[in-house]
Amino acid sequence: MRHERPGCRLLLVGAGHAHLHLVVRARELVDAGYAVQLLAPPTFSYSGVASACATGALPADAGTVDVAALAAGHPVTHHIGELAQLDLPGRRARTSDGAWLHWDVLSLNIGSVASAESLEVDPEVLRIKPLESLGDLRLRVADRRHQMGDHTGDVDAEVAAARVTLVGGGPSGLELAGNLSAQGRTRVTILEAGATLDPQLPARARRRARRMLRSRGVRVHTGTRVVRLGQRDVTLADDRTLAHDVAVLATGLVSPPLGQRIGLGGPDGIPVRATLQHRDHDDVYAVGDCADFLPRPLARIGVHGVRQGPVLLGSLLARAAGEALPEYVPQRHALQILDLGGGLGLAVRGRWWWQGRLALHLKRWIDRRWLRTYQRA
C-alpha cells in the first residue's frame with residue numbers, strides 16, 4: 001500500500017450522506033495530508049423526510065442541509081456546481097460552469113434518480129429523485145385545490161379534490177400516498193406494474209398498509225403498466241387513459257446516467273469493491289445510491305450511504321498511513337421505517353415489522369438526530 005504524498009488532492013463529487021460525514025471530519029483528512037475539495041450544489045435534501053416535506057406534513061426546509069455553510073466551517077474548498085466531464089488519464093474534472101479541478105483521489109456520492117425505463121415521461125412531471133424535483137409537489141396540489149375553490153356543502157368532495165397519480169408502489173410511492181391521503185381533499189391513485197405493492201415488505205405488513213390506504217380512499221392498481229406519463233394524463237399499456245391534476249414518477253431508483261457518461265459506470269451503477277474503490281481504478285471511490293456494490297446487491301436506501309461514510313473516511317486515512325483499507329460490511333437486515341402519514345409509521349427489519357404511532361416517533365427521532373449533525377455543525 002502506497003502512502004499518499006503531502007498535499008494529495010481529494011475531490012469529493014456530490015454532497016450525499018457519506019460525503020457530508022467527510023466534510024465535518026475534514027480536519028482529520030487535512031492532518032493526514034489531503035487538500036479537500038467538494039464539488040456539489042449549495043444545499044442537500046435529506047431523503048428520510050422528503051415525503052413529509054413534499055406534502056406539507058413537515059416544513060419544506062426541514063430536511064435541507066446548507067452545504068455551503070457546512071463546508072465554510074471546515075477546511076474544505078467548496079465549488080458550487082455539478083460534474084460535467086471527467087478526464088481520467090489527466091485526473092481532471094470539469095464543473096458545470098466550465099472550470100477544471102485536478103485530483104489525485106476522487107470520490108463520487110451523486111445519489112440516484114427515478115427509473116424511466118420503457119416509459120415516456122413529460123419533462124414537467126415530478127419525480128421522487130432527484131429530490132429537488134419533488135419539492136414542488138405541495139405547491140402543485142395546493143394550486144389545484146385553490147383553483148377548485150374552498151369545499152362547500154354544495155360541491156362534491158370528489159370534484160373539489162386534487163387528483164394525484166403516483167406511478168410506482170415502492171417505499172416512496174407508499175409514503176407519498178399515505179401523507180397525501182391523510183390530508184383530505186386529495187384523490188390519490190397508485191399505478192404499480194408489479195403484482196404487489198413494495199415486494200420487499202413482509203406480506204402481512206404489505207396487506208396492512210394497503211388496507212390503511214384503501215380506508216383513506218387511495219386507489220391501488222397493481223399489474224398496471226404505464227407507457228406514457230404526462231402532466232394531465234397517463235396512458236396505460238392497454239391504451240386506456242386516466243386523467244390527473246398532478247403526477248409523480250415514483251418508480252424504483254437507479255444510478256444517475258452521469259456514471260456511464262463519464263466512463264465509470266454501467267446500467268447498475270458505478271462498480272465498487274468492498275473497499276468502496278472502483279473495480280478498475282484504485283484512486284476512485286463511489287458510495288451511496290450511485291454505487292454498484294459488487295460483493296452483493298444493496299437496496300438504494302439512505303442507511304448504506306450513512307454507514308459507508310465512516311468506512312470511506314477510514315479508507316482515506318489508511319491510504320495516507322500506508323495501511324490496509326477497511327471494507328464495508330452491510331447489515332444483513334437494515335431497519336427501514338416508512339412514514340404513512342396521519343401520525344402512522346411502518347417499521348420493517350427483515351421479516352419483523354410493526355405499524356403505528358410509535359414507529360413514526362422512532363423515525364422522527366432518527367431523522368432529527370442525523371440532521372442535527374449537519375444543520376448545526
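No hydrogens, no waters, no symmetry mates; every other heavy atom, side chains included, goes into these values.
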Checklist entry - Does one side chain, of His79 or Gln37, offer a donor that lies under 3.5 Å from an acceptor on the other? => result yes
Next on the checklist: Using the rule given for side-chain contact (heavy atoms from CB on, under 4.5 Å), can you reason through Val188 versus Leu176, listing the C-alpha separation, both sets of side-chain angles and the distance that settles it, and then say yes or no?
Outcome noted: CA-CA 9 Å; Val188 181; Leu176 289 173; over 6 Å; no
Checklist entry - Is the Trp370-His17 ring centre distance short of 6.0 angstrom? => result yes
Item to check | Within 6.0 angstrom of Arg296 CZ, more than 12 heavy atoms from elsewhere | outcome: yes
Item to check | Euclidean distance, Arg232 CZ relative to Glu124 CD, rounded to 0.5 Å | outcome: 10.5 Å
Next on the checklist: Side chains of His221 and Thr189 only: does a donor on one sit below 3.5 Å from an acceptor on the other?
Outcome noted: no
Next on the checklist: If we ignore hydrogens and angles and just use 3.5 Å, is the side chain of Arg300 paired with the main-chain N or O of Asp289 as donor and acceptor?
Outcome noted: yes
Checklist entry - Listed by chain and number, what are the side-chain hydrogen bond (donor to acceptor under 3.5 Å, both in side chains) partners of Ser172, not counting sequence neighbours? => result none
Checklist entry - Backbone N or O of Asp292 within a donor-acceptor pair of the Asp268 side chain at under 3.5 Å? => result no
Next on the checklist: Could you measure the distance from the OH atom of Tyr46 to the CG atom of Leu131? Nearest 0.5 Å is fine.
Outcome noted: 11.5 Å
Checklist entry - How far apart are the C-alpha atoms of Leu197 and Ile190, what are their side-chain angles, what is the distance that settles it, and do they pass the side-chain contact (heavy atoms from CB on, under 4.5 Å) test? => result CA-CA 9 Å; Leu197 294 177; Ile190 298 177; 4.1 Å; yes
Checklist entry - Are any non-hydrogen side-chain atoms of Val226 and Leu119 less than 4.5 angstrom apart? => result yes
Checklist outcome for this item: Besides Leu106, the hydrophobic cluster formed by Ile, Leu, Val, Met, Phe, Trp and Tyr side chains linked at under 4.5 Å, directly or via other members, contains Leu11, Val13, Leu39, Leu83, Leu86, Leu88, Leu101, Trp103, Leu108, Ile110, Leu258, Ile262, Leu264, Ile270, Val284
Checklist entry - Is the CZ atom of Arg307 crowded by more than 12 outside heavy atoms at less than 6.0 Å? => result no
Checklist entry - Less than 4.5 Å apart, any side-chain heavy atom of Val248 and any of Val167? => result no
Next on the checklist: So Leu312 and Tyr328, do their side chains get closer than 4.5 Å, heavy atoms only?
Outcome noted: no
Checklist entry - Just checking, any donor-acceptor pair under 3.5 angstrom between side chains of Ser115 and Glu117? => result no
Next on the checklist: Between Asn179 (side chain only) and Asp339 (backbone N and O only), is there a donor and an acceptor less than 3.5 Å apart?
Outcome noted: yes
Next on the checklist: Please evaluate residues Arg216 and Met212 with respect to the criterion side-chain contact (heavy atoms from CB on, under 4.5 Å), reporting the C-alpha separation (whole Å), side-chain torsions for both, the decisive distance (0.1 Å), and the verdict.
Outcome noted: CA-CA 7 Å; Arg216 295 182 185 172; Met212 183 276 295; 3.2 Å; yes
Next on the checklist: Looking at Ser181 and Ala177, would you say the former's side chain and the latter's main chain have a donor-acceptor pair under 3.5 Å?
Outcome noted: yes
Item to check | Donor-acceptor pair, side chain of Glu192 and main chain of Thr224, under 3.5 angstrom | outcome: no
Item to check | Polar side-chain atom of Ser96 near backbone of Glu82 as donor-acceptor pair, under 3.5 Å | outcome: yes
Next on the checklist: Determine whether Arg91 and Val105 satisfy the following criterion, side-chain contact (heavy atoms from CB on, under 4.5 Å), listing intermediate values before the conclusion.
Outcome noted: CA-CA 9 Å; Arg91 298 188 179 225; Val105 180; 5.9 Å; no
Checklist entry - Would you say the side-chain atoms of His78 pair up with the backbone N or O of Ala40, donor to acceptor, closer than 3.5 Å? => result yes
Checklist entry - If you measure from NZ on Lys129 to OG1 on Thr251, what distance do you get to the nearest 0.5 Å? => result 12.0 Å
Checklist entry - Among side-chain atoms of Gln85 and Arg92, is any donor-acceptor pair under 3.5 angstrom? => result no
Item to check | Considering all heavy atoms, the nearest Leu371-Ala62 contact | outcome: CD1-O, 3.5 Å
Checklist outcome for this item: From the list Gln277, His278, His19, side chain to side chain donor-acceptor pair (under 3.5 Å) with Ser107 holds only for His19
Checklist entry - Should side-chain heavy atoms under 4.5 Å link Ile, Leu, Val, Met, Phe, Trp and Tyr, which residues sit in the same cluster as Ile301? => result Val303
Checklist entry - Should we say atom CD of Glu120 is surrounded by more than 12 heavy atoms from elsewhere, each under 6.0 Å from it? => result no
Item to check | Close side-chain approach of Val164 and His244, heavy atoms under 4.5 Å | outcome: no
Item to check | Closest heavy-atom pair and its distance - Val24, Leu70 | outcome: CG1-CD1, 3.8 Å
Checklist entry - Under 4.5 Å between any side-chain heavy atoms of Leu344 and Leu346, yes or no? => result no
Next on the checklist: Using ring centroids (six-membered ring only for Trp), state whether His21 and Tyr374 fall under 6.0 Å.
Outcome noted: no
Item to check | Flag side-chain contact, heavy atom, 4.5 Å: Pro41 against Val67 | outcome: no
Checklist entry - side chain to side chain donor-acceptor pair (under 3.5 Å) between Ser51 and Glu175: does it pass, once the steps are laid out? => result CA-CA 6 Å; Ser51 296; Glu175 285 201 335; 3.0 Å; yes
Checklist entry - Does some side-chain heavy atom of Val348 sit less than 4.5 Å from a side-chain heavy atom of Leu335? => result no
Checklist entry - Considering only heavy atoms from C-beta outward, does the side chain of Val227 approach that of Val234 to under 4.5 Å? => result no
Item to check | Under 3.5 Å: donor-acceptor pair, side chain of Gln308, backbone of Val287 | outcome: no
Checklist entry - Counting only heavy atoms not in Arg204, do more than 12 fall under 6.0 Å of its CZ? => result no
Item to check | Connected via hydrophobic side-chain network under 4.5 Å: Ile337 and Leu360 | outcome: no
Checklist entry - With distance as the sole test, does Asp104 use its side chain to make a donor-acceptor pair with the main-chain N or O of Arg9 at under 3.5 Å? => result yes
Next on the checklist: If we count only N and O atoms by modelled type, under 3.5 Å, do the side chains of Thr235 and Arg228 hold a donor and an acceptor together?
Outcome noted: yes
Checklist entry - When you measure from the side chain of Thr275 to the backbone N and O of Arg273, does any donor-acceptor pair fall under 3.5 Å? => result no
